[in-house]
Amino acid sequence: AHDDAVLCVTMSIDDKYIISGSDDRSIRIFDFETKQRVHTFKHAQEGPIHSLTISGDNRYIIAGSSDRSIKVFDLETKRQVHSFDSAHDGWVLNVKITNDQKYIVSASSDQSVRIFQNPFNDLSEIYVSLYKSLPSSNLLGLIQLYNYLALANDEEKIAYINKYPT
């Protein structure tokens, strides 16, 4: 399916698509039922794609890369619609969109978590918050629990950020 290692995969909310990101810098979309490739974003980013998520309405793919950026792609138009260039000082290892669709949250090898306003409503590149919560380690996991974010790192530590902006 890809020309190099697959680094991340996600499913659309309706289970219609499988979306994969790779060391080859591409994002590929497959129809889950037919197993056929629907679209490829070639050279979607300047570096390998380390994380993917999809918006709750199945319209947008959000991708994080070792090029330190976060890109947003429209599944309907098959185009890139926004870029948070230099979102971090290190590789973007994890991206999520909050359940209310208001924020994109990213975790990086620079040991930070950033919260961006949802570009589908506001194309501002100004991040809302920056957290340096787990020093000297890579952030590996990121999940939302109601109005809290839970983070896990490679030193088996967990931190919580309570009440991100609402």
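Any value given below was found using the heavy atoms of this structure, including those in side chains, with hydrogens, waters and symmetry copies removed.
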Spacing of CD1 belonging to Ile19 relative to NE2 belonging to His39, to within rounding of 0.5 Å: 11.5 Å

Side chain to side chain contact (heavy atoms under 4.5 Å, CB included) between Val95 and Val105, intermediate numbers included: CA-CA 6 Å; Val95 291; Val105 182; over 6 Å; no

Spacing of Arg37 atom CZ and Ile18 atom CD1 [to the nearest 0.5 Å]: 13.5 Å

Heavy-atom pair with the smallest gap, counting every atom of Cys8 and Ser51: SG-N, 3.6 Å

Inter-residue atom distance Ser20.OG - Arg28.CZ, 0.5 Å rounding: 7.5 Å

Co-membership, hydrophobic cluster, residues Leu7 and Val92, 4.5 Å side-chain: no

Val72 and Ile61: CA distance, side-chain angles, deciding distance, side chain to side chain contact (heavy atoms under 4.5 Å, CB included) verdict: CA-CA 6 Å; Val72 181; Ile61 298 168; over 6 Å; no

Shared hydrophobic cluster for Val9 and Met11 (ILVMFWY, side-chain gaps under 4.5 Å): yes

Interatomic spacing from CD1 in Ile49 to OG in Ser22 - rounded to 0.5 Å: 8.0 Å

Flag side-chain contact, heavy atom, 4.5 Å: Thr40 against Ile27: no

Distance, nearest 0.5 Å, that separates CZ of Arg114 from CD1 of Ile70: 9.0 Å

Ser69 side chain near Gln45 side chain, heavy-atom distance below 4.5 Å: yes

Tyr17 side chain reached by Val38 side chain, heavy atoms, under 4.5 Å: yes

Trp91 versus Ser108, closest heavy-atom pair with distance: O-OG, 2.9 Å

Close side-chain approach of Gln36 to Phe30, heavy-atom, < 4.5 Å: no

side-chain hydrogen bond (donor to acceptor under 3.5 Å, both in side chains) partners of Asp23, counting only residues at least two apart: none

Check: Ser65/Glu46 side-chain N/O donor and acceptor closer than 3.5 Å: no

With sequence neighbours excluded, residues passing side-chain hydrogen bond (donor to acceptor under 3.5 Å, both in side chains) with Arg59: Asp74

Ile54 reachable from Phe41 in the ILVMFWY side-chain graph, under 4.5 Å edges: yes

Side-chain touch Ile62/Leu52, heavy atoms, less than 4.5 angstrom: no

Value rounded to 0.5 Å, distance of OG in Ser12 from CG in Asn58: 4.5 Å

Donor-acceptor pair between Arg68 and His88 side chains, under 3.5 angstrom: no

Cation-pi check, Lys35 onto Phe32 ring (under 6.0 Å, within 45° of axis): yes

Same cluster (ILVMFWY, side-chain, under 4.5 Å), Phe84 and Tyr60: yes

Side chains of Lys71 and Gln80 in contact at under 4.5 Å (non-hydrogen atoms): yes

Residue pairs involving residues 7-17 (criterion salt bridge (Lys or Arg N to Asp or Glu O under 4.0 Å); sequence neighbours excluded): none

